[in-house]
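Since the structure comes first, as structure tokens, the remarks are kept for the end.
Start at 1 with the first residue, then count along the sequence.
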Amino acid sequence: MFFVVQPLADEIIVFAQNEDGIYAEKLNATDLYAMLPKRRARFLASRAAGDSVMAAILIKQALPIAVQDQVQILTATGLHELTHDLYVAADKARTQHENDLMMTLTLVIASPIIFMLLDYFVFPNMGISGVWSVMFTVGLMALVLGVWYAVTFSTAAADVEHWVMTCFAKLHRTNEN
């Protein structure tokens, strides 16, 4: 079975032919990947271009030229691999978005508490006067906001996170021995 597909960000457009001509159907890649194999095979059977590669090539050639460059002819295994890749990419984006939201929520909740602790307890107990205490606290909070921004919106944050997790894993392995 061959499929004529156009992959999008998290969807797949499947082109097939029926008695009325060529039609396109958008399928959610995550839902398609999550289906059980037998159910996915039954679901995709009616959306296949045919059992020969020639039928798939004919469908691809009947499409507009602008679309032909983005269209792929895949076997059932290739389509499953494509849905897996799109699923992994969508899951990674969703996880990153959730992490960003959690970091922002934590910062919104923790910032006033940290500010008050520094301004009212830590710096006055160190003998720093009120004006200097506020200036130091604002400076430290600006530093915290800068670090938060760098971690949340930069690509280097993922590299630092990977390095930290690798160090923790090495430390864990060392402690096991």
Side-chain angles (χ1 to χ4, degrees), residues 1 3 5-14 26-44 69-177:
M1 225 183 308
F3 299 91
V5 298
Q6 178 185 7
L8 300 175
D10 60 346
E11 293 179 327
I12 299 172
I13 300 176
V14 178
K26 276 189 180 180
L27 304 174
N28 187 318
T30 303
D31 294 343
L32 194 60
Y33 180 74
M35 284 183 189
L36 294 171
K38 288 183 180 180
R39 184 168 181 252
R40 183 176 44 243
R42 283 194 308 264
F43 179 76
L44 291 173
D69 294 338
Q70 302 164 357
V71 171
Q72 302 173 8
I73 298 174
L74 300 173
T75 61
T77 306
L79 183 61
H80 179 68
E81 290 172 1
L82 177 66
T83 57
H84 177 262
D85 294 344
L86 293 175
Y87 171 78
V88 168
D91 187 52
K92 183 178 179 183
R94 184 174 39 255
T95 302
Q96 182 63 39
H97 180 69
E98 289 171 357
N99 288 345
D100 292 348
L101 287 175
M102 185 56 73
M103 288 177 66
T104 303
L105 180 64
T106 303
L107 184 68
V108 166
I109 292 171
S111 290
I113 296 169
I114 293 171
F115 186 88
M116 288 175 54
L117 285 174
L118 290 174
D119 190 35
Y120 293 128
F121 299 111
V122 174
F123 289 137
N125 288 335
M126 293 173 59
I128 299 174
S129 68
V131 173
W132 286 102
S133 173
V134 170
M135 288 175 29
F136 284 143
T137 304
V138 168
L140 282 173
M141 293 310 297
L143 180 69
V144 167
L145 286 171
V147 168
W148 166 80
Y149 184 82
V151 168
T152 303
F153 297 109
S154 74
T155 57
D159 297 336
V160 171
E161 180 183 5
H162 177 72
W163 178 78
V164 168
M165 295 309 240
T166 304
C167 288
F168 280 141
K170 287 179 183 176
L171 183 66
H172 182 69
R173 273 187 255 129
T174 304
N175 289 339
E176 284 180 351
N177 295 334

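- Between the OG1 atom in T83 and the CG atom in D31 there is a gap of 11.0 Å [rounded to 0.5 Å].
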Self-check item: Verdict with supporting geometry, L79 and I12, side chain to side chain contact (heavy atoms under 4.5 Å, CB included)
Solution: CA-CA 9 Å; L79 183 61; I12 299 172; 4.2 Å; yes
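- Put simply, NZ on K26 and CG on D10 are 9.5 Å apart, with the number rounded to the nearest 0.5 Å.
- Just one of V131, T137, V138 meets the side-chain contact (heavy atoms from CB on, under 4.5 Å) condition when paired with V134; it is V138.
- Under a 3.5 Å cut-off, the side chain of D119 and the backbone N or O of F115 do not form any donor-acceptor pair.
- Interatomic distance, Y149 OH to T104 OG1, rounded to the nearest 0.5 Å: 11.5 Å.
- Between F123 and S133 the shortest heavy-atom distance is CB-OG, 3.4 Å.
- In this structure the side chain of D91 never reaches within 4.5 angstrom of the side chain of T30, judged on heavy atoms.
- How far CG of L74 is from CE of M1: 13.0 Å, rounded to the nearest 0.5 Å.
- In M116, the CE atom is not crowded: 12 or fewer heavy atoms of neighbouring residues, nucleotides or ligands sit closer than 6.0 Å.
- Other residues, nucleotides and ligands contribute more than 12 heavy atoms inside 6.0 Å of the CG atom of L105.
- Ring planes of H80 and Y33: parallel class, angle under 30° (limits at 30 and 60°).
- The closest side-chain heavy-atom distance from L44 to L32 is below 4.5 Å.
- Annotation for F43: atom CZ counts as buried by contact number, over 12 foreign heavy atoms lying within 6.0 Å.
- Between R42 atom CZ and L36 atom CG the span is 9.0 Å, to the nearest 0.5 Å.
- Using a 4.5 Å heavy-atom cutoff, the side chains of L140 and I114 are not in contact.
- Considering every non-hydrogen atom in both L86 and L8, the closest pair reads CD2-O, 3.4 Å.
- Each of L27, L82, I73 was compared with V5 under the side-chain contact (heavy atoms from CB on, under 4.5 Å) criterion, and only L82 meets it.
- For the pair S111 (side chain) and V108 (backbone), a donor-acceptor distance under 3.5 Å is absent.
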